[in-house]
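Contents: one structure, followed by commentary.
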Amino acid sequence: MSKKLFIETLGCAMNSRDSEHMIAELKEKEGYETTENFRDADLILINTCSVREKPVQKLFSELGVFYKKKKEGAKIGVCGCTASHLGAEIIKRAPYVSFVLGARNVSKISEVLHRDKAVEIDINYDESEFAFKDFRSSPYKGFINISIGCDKACTFCIVPKTRGEEISIPDSLIINEAKRIVESGAKEIFLLGQNVNNYGRRFSGEHEKVNFTELLRRLSEIDALERIRFTSPHPFHMDDEFIEEFARNPKICKSMHMPLQSGSSKVLKDMKRGYTKEWFLNRVAKLKSECPQATISTDIIVAFPGESDEDFAESIDVMKQVEFDQIFSFKYSPRPETEAEHFTNTVDEEIASDRLNMLQSLNNEIIDKKNARQLGKVYRVYFEALNKDNYVAGRSDNNILIKVKGSDELLGEFRDVKITAIGRTILTGEILA
Ligand code: SAH
Ligand code: F3S
């Protein structure tokens, strides 16, 4: 009988891809099969996130539960960003943990499995050319890492400390992976990196200079590939050439993530984001003029140290001007080993909550207003999920989530869909004959 692996993945899309890599390695080299029930598992892995404080607390309470209820003899491993930054401390606090594997060391999964109390958290480890085996959680789209690490030093962000310096993966490996994905029947790829449009800045070996725009062009030459998505680009690196290629290339999906973080140029400077409010609005204007149908999503942090009422009003102003289609908003959370951790001009918790509420209710107003205009519109939808009650869901090119009545025959198919009902997170439609 095969051994069973339970894996829980927290955090971002890069963690999801890292989990796919670890599953592939463990299946191929160690004979594991995945299970949804941790009580049956011979190996329990938590792939952690440390971007905000709460996931760290959650980790230790979850570990306790796993330890109490796990099968006898089952191993527990902690992977990902919290593994990178807490390291051996995890085994000190939870001595029943068998190994700790950092976010930049996932290729060593089968090695640490056989070394009790192993701690592998080297953030300079170069796995940019490691040949991971194939495992994909969706048959309809494939995630592809295009770089590892991040070279920015945003003062609030722990990621450069957990994922190390940025190294681009050679474009030939990315293109081969994209070809394998479409050969398996998927029509969409999703490129991943902390800062995708900084692609090509550094390769670990000798390599031709290929930037992100050029990578997109090369990938779009793959015939059977229909859709290319990516996350996250950085507003600082959104040059004209990139925006023009985005607008012009029919295979690039027309949804752009533009992480604003703050609308105040002063706060942006304190965050070391490298752009101003004016630059951000200028890039949005360029994008909207080149590609009016593009949707724009963003990340905003409220109550960064020193954020005054006036600074916060600038974030609200950008929201009103841009009318983002989706917002991920967070209260600032001080993180270890970041510059902002030492900033003393912190904002009151109550003010932070008020700001987050204001921002989220403005966002809801904007979304409701935009959604009301969707009735009767027609979108080409790529179906990828079977929902409850005989609905099948998919996304439009510009990333609008849409469901229709239907069965699994629609999965992996494109259809034109007319919107017939509006909800805040998903629209309902009818397939046009
Ligand atoms: N380069 C990645 C950033 C990863 S972190 C990207 O652009 O997606 C994802 C988001 O978490 C950031 O954009 C930021 O809005 C938020 N975040 C990061 N550190 C944070 C902190 N210390 N407190 C609150 N939010 C944070
Ligand atoms: Fe973090 Fe800034 Fe990089 S948000 S991941 S340091 S671009």
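Quick note: residue numbers are just sequence positions, from 1. Whatever order the structure lists them in is the order used to number ligands and atoms, beginning at 1.
- What you find for K29 and S110 is that their closest heavy atoms are CD-OG, 3.7 Å.
- Here the heavy atom of the protein found nearest to atom 15 (O) of ligand 1 is Q261 OE1, 2.7 Å.
- Distances below 4.0 Å separate heavy atoms of R335 from the following atoms of ligand 1: 22 (N).
- For atom 19 (N) of ligand 1, the closest non-hydrogen atom on the protein side is F156 CD1, 3.3 Å.
- Protein heavy atom at the shortest distance from atom 21 (C) of ligand 1 is S333 O, 3.6 Å.
- The single protein non-hydrogen atom nearest to atom 10 (C) of ligand 1 is D299 OD2, 3.5 Å, given as residue, atom name and distance.
- Of the N and O atoms on the side chains of N15 and T9, not one donor lies less than 3.5 Å from an acceptor on the other residue.
- Between F203 and Y199, the ring center distance clears the sub-6.0 Å criterion.
- Heavy atoms of V51 found under 4.0 angstrom from ligand 1 belong to the backbone as well as the side chain.
- Contact check on D122 versus R104 returns no salt bridge, with no Lys/Arg side-chain nitrogen under 4.0 Å from an Asp/Glu carboxylate oxygen.
- Protein heavy atom in closest approach to atom 1 (N) of ligand 1: Q194 O, 2.7 Å.
- Under a 4.0 Å criterion applied to the non-hydrogen atoms of P259, ligand 1 contributes the atoms 7 (O).
- The immediate protein surroundings of ligand 2, defined as residues with any heavy atom under 4.0 Å of it, consist of C150, K152, C154, F156, C157, V159, P160, Q194, H234, R273.
- Using a 4.0 Å cut-off between heavy atoms, R52 contacts ligand 1 through its side chain alone, with no backbone atom that close.
- Ligand 1 lies within reach of K331, whose nearest heavy atom is under 4.0 Å from it.
- Residues S220 and N249 have side chains that bring a donor and an acceptor to within less than 3.5 angstrom of each other.
- Between the side chains of S353 and K331, at least one donor N or O lies within less than 3.5 Å of an accepting N or O.
- Taking the centre of each ring, H234 and Y275 come in below the 6.0 Å mark.
- Residue contacts with ligand 1 for F330 involve side-chain atoms from C-beta outward but no N, CA, C or O (heavy atoms, distance under 4.0 Å).
- Distances shorter than 4.0 angstrom do not occur between any heavy atom of N195 and any atom of ligand 1.
- Residues K187 and Y382 meet the side-chain proximity criterion, which asks for heavy atoms closer than 4.5 Å.
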- Can you check ring pair (Phe, Tyr, Trp, His ring centres under 6.0 Å) on F66 and F6, steps first, answer last? CA-CA 11 Å; F66 285 150; F6 173 86; 5.8 Å; yes
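- The nearest heavy-atom contact from the protein to atom 6 (C) of ligand 1 is S232 OG, 3.3 Å.
- Checking S361 against N364 by side-chain atom types alone, no donor-acceptor pair falls below 3.5 Å.
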